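Only one structure is covered here, and it is reproduced in the block below.
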Amino acid sequence: MYLSKIFAPRLRETPQDADTLSGQLMLRAGLVRKSASGIYTYLTLGLRAKQRIEDIVREEMNSHGAQEILMPLLMPAEPWQATGRWELYGDEMFKLTDRKGRPFCLGPTHEELVTATVGSERHSYKELPLNLYHITNKYRDEIRPRFGLIRSREFTMKDAYSFDRDETGLEATYQRMFEAYNNIFRRVGLTFRPIQADSGAIGGNSSHEFTVEADNGECSYAACDSCGYAANVELSRARPACDPDPVCGARPLPDLVATPGVHSIEQVTACFAVPPWAVLKSLLYIADGKPWLVVLRGDDEINEVKLLKAVQARECRMATDEEVSTALGVHPGSVGPVGVAVSRIVDESVRDDAAYIVGSGRDGFHTRNVFLGRDFTSTVTADIRTVHAGDICPVCGHSLHTATGIEVGHTFKLGTKYSVPLHANYVDEDGSEKPYVMGCYGIGIGRTLAAVIEQHHDEKGIIWPMSVAPFHVIVIPLNKGEDTIWHAACSLYDSLEEAGIDVVLDDRDESAGIKFNDADLLGFPIQVVIGNSFLKTGNFEVALRADKKEKVLVSAQAACESIIRLIQTAP
RNA sequence: CGGGGUGUGGCGUAGCUUGGUAACGCGCAUGGUUUGGGACCAUGAGAUCGGUGGUUCAAAUCCACUCGCCCCGACCA
């Protein structure tokens, strides 16, 4: 294509309301335009890059046992009501009614619809496994869309759903998908990490997130460089690195100490000159309306996802100051676990052989030499802390680091969570009907595109990996007015086109600086410059966007062939 | 939903405090000179200042309401 004809309006200045590098570059390079908060139009170049990713996804899905279908975006409420997610999704779901008043939604995902569709037939076990996917838009009315295409309200997703006879079959299908995902993200040029994840609202009992390390990612995880263990912080079961010394022999009795004005953990550690892990913090939580006293080490923070799981509740919040006073008779800064009437949930890192300092339950006092088991007991003991950097890897014992990433893919084992309520059964060997054992596998296409740009850019602009580049090569004639140069450029452009190469010709009558800067901004992997030196030597300059120093001079005759070779041998 | 911002030619902004009928840069159009890292000259088109209502002789400017967008938080793949 001729550059002057491509609808890719560039922005010279960095758009102010773009909050990520990828978002800024997509706007600046004319890949996308925003039409509303969290809703984007893909322009020519953005669409082409998106389609490259989709093509790679299709190839890998197809070759790993999945088949493509296409489900509607607009779907009736019934299956959603059957699984309870019509209410569960709440305001995040775009809901609407048709002219007869029948409720519909714009699909935020498609578990219900596939399950209902597959379940409406009675398949034999002989036909399993079945793995269906589609690539289509999803709609979620996010509370706060942000980070460009990374968190938007309309987004393109590849979602696959597998139907197996049993857990063994699901495990095999899951492994195939896991392999496909690794191939996909490798081929689009991402460095990524599959991590163990919480399965969130989708449900199920085992899952992995594929994350791309990025500063503005929204997914926090803990990873071990030594053994490769990696898990979402919501889930990670690492242990703290430091522990209080166990008390051997006689245990000192609790000792009430006046601590006027001392409330925070920081103040307590300063007042007693002890490390924070020798102090316990006690927080009153309300989980599904029931109060729980949460007991953690002073240096830990609660992880509400773990808490919900541990007390089997759907929602929780911290109690207000008033609720604390009513339930425990003290102000929040002096709450302690000893002698309280409410249930206690104690983090498993709290030892029963160490002396802790705790709030005394009386304003202005703390108690030291408090032992778990002797002075207070736990109603529930569970892992409810948030993992920090430096914690001990639960697999190999080395130190963990934490990072944030963009979640580009997610795989779940769903089990029968959807097949049972939707009565999606197959006929087994013995003639009985059994629910499908399902899996679900998503890839955010737009997010993946954004992640590619996050990982492949420099101060000048995008540096497309060959596999995702909207065009592979840009031919840049400098001084278009010079006929020899212009004709040579056109002739190279024509032969590349004929060879099936996606090539752009910068046909604009612009100065060299503008052409170079635009070529860098748009990020096509190969740049061919035809300038005054061509008049003298008959050579084109072929350079890689990724590494301008690797500039090679190629004769006009050999250029086409060597460019094709460069494209074919690209990583 | 709470807190904080913001809205002025296509884009980025100034003007608002102290009301007097819209300015600058980029881009765009035409002609000319240019052409190896964001050239120059000349000419020109383009905004009833987010919307509605109010105050006033007079509103981009003051007041009220409203809508959009952005940031922080809660929430979430």
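Not measured: the values here are computed from a predicted model. Labels below follow one simple rule: chain letters A, B, ... track the order of the sequence lines, proteins then strands, and each chain is numbered from 1.
- Between B:G68 and B:G54, the distance separating the two C1' atoms is 23 Å to the nearest Å.
- A distance of about 27 Å separates the P atoms of B:U8 and B:U55, rounded to the whole Å.
- Taking atom CZ of A:Arg508 as the reference point, atom C1' of B:G27 lies 13 Å away to the nearest angstrom.
- A:Lys413 forms a cation-pi arrangement with A:Tyr174, by the criterion of a distance under 6.0 Å to the ring centre and an angle within 45° of the ring axis.
- In this model, no donor atom of one side chain and acceptor atom of the other lie less than 3.5 Å apart for A:Thr386 and A:Glu301.
- Rounded to an integer number of Å, the gap from CD of A:Glu92 to P of B:C1 is 16 Å.
- Listed in residue order, the members of residues 509-523 of chain A having a heavy atom less than 4.0 Å from RNA chain B are A:Asp509, A:Glu510, A:Ser511, A:Ala512, A:Gly513, A:Ile514, A:Phe516, A:Asn517, A:Asp518, A:Asp520.
- Here the P atom of nucleotide B:C75 and the CD atom of A:Glu304 are 6 Å apart, to the nearest Å.
- Both A:Arg447 and A:Lys548 lie near RNA chain B, and the one whose nearest nucleotide falls closer to the 5' end is A:Lys548.
- Here A:Tyr42 pairs with nothing under the side chain to side chain donor-acceptor pair (under 3.5 Å) rule; sequence neighbours left out.
- Stacking here means ring centres nearer than 5.5 Å and ring planes tilted less than 30 degrees, and by that measure A:Phe155 stacks onto B:A77.
- For the pair A:Val311 and A:Ala287, the tightest heavy-atom approach, listed with the atom from each and the gap, is CG2-CB, 4.0 Å.
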- Dot-bracket assigned to RNA chain B with the 3.5 Å Watson-Crick/G-U criterion, [ ] for crossing and | for other-strand pairs, is ((((((((.[[[[.)....(..]]]].((((((.....)))))).....[[[[[..)....]]]]])))))))....

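- In this structure, A:Arg10 pairs ionically with A:Asp518, as a charged nitrogen and a carboxylate oxygen lie closer than 4.0 Å.
- A donor-acceptor contact closer than 3.5 angstrom is absent between the side chains of A:Ser555 and A:Asn539.
- A:Leu27 has its CG atom 15 Å from the P atom of B:C69, to the nearest Å.
- Figure legend: cation-pi geometry between A:Lys95 and A:Trp80 absent, as NZ or CZ is not positioned both under 6.0 Å from the six-membered ring centre and within 45° of its axis.
- Side-chain atoms of A:Asp141 and A:Tyr139 form no donor-acceptor pair, as typed in the model, at a separation below 3.5 Å.
- Only the C1' atoms considered, B:G32 is 47 Å distant from B:U18, to the nearest whole Å.
- For A:Arg146, no side-chain nitrogen or oxygen approaches OP1 or OP2 of B:C71 to under 4.0 Å.
- Using a 4.0 Å heavy-atom criterion, one finds that A:Ser152 contacts the bases of the nucleic acid, with or without backbone contacts as well.
- When rounded to the nearest whole Å, the span between OH of A:Tyr181 and P of B:A77 equals 16 Å.
- Following rounding to the nearest Å, A:Asp458 (CG) and B:G37 (C1') show an atom-to-atom distance of 14 Å.
- Taking atom P on both nucleotides, B:U61 is separated from B:G20 by 11 Å, rounded to a whole Å.
- Here A:Arg58 pairs with A:Glu54, A:Asp55, A:Asn62, A:Glu68, A:Tyr133, A:Ile135 under the side chain to side chain contact (heavy atoms under 4.5 Å, CB included) rule; sequence neighbours left out.
- Applying the side chain to side chain contact (heavy atoms under 4.5 Å, CB included) criterion to A:Thr191, with sequence neighbours excluded, gives A:Gln455.
- The separation of B:C71 from B:C28, taken at their P atoms, amounts to 29 Å, rounded to a whole angstrom.
- Of the N and O atoms on the side chains of A:Asn232 and A:Gln196, not one donor lies less than 3.5 Å from an acceptor on the other residue.
- Among the heavy atoms of the strands lying under 4.0 Å from A:Glu407 are primed sugar atoms or P, OP1, OP2 only; no base atom is included.
- Comparing the same atom, P, in B:G12 and in B:U17 gives a spacing of 25 Å after rounding to whole Å.
- Remark: A:Asp159 engages A:Lys138 in a salt bridge, criterion side-chain N to carboxylate O under 4.0 Å.
- Here the nucleotide nearest the side chain of A:Leu478, chosen from B:G36, B:C69, B:C72, is B:G36.
- Residue A:Arg153 places its side chain closer to B:C69 than to any other of B:G36, B:C69, B:G38.
- Across B:C16 and B:A22, the matching C1' atoms stand 12 Å from one another, rounded to whole Å.
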Detail all sub-3.5 Å separations between protein N/O atoms and N/O atoms belonging to nucleotides 5-12 of chain B.
{"unit_1": "B:G12", "atom_1": "O2'", "unit_2": "A:Glu13", "atom_2": "OE1", "d": "3.1"}

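- In this structure, A:His134 and A:Tyr161 have tilted ring planes: the angle between them lies in the 30° to 60° band.
- Note: NZ (A:Lys551) to P (B:G37) measures 11 Å, nearest angstrom.
- Between A:Lys34 and B:C70 there is a side-chain N or O to OP1 or OP2 distance below 4.0 Å.
- Here, B:G50 and B:U13 have their P atoms 14 Å apart, quoted to the whole Å.
- Across the protein-nucleic acid pair, A:Ile485 atom CD1 and B:G36 atom C1' stand 10 Å apart, rounded to whole Å.
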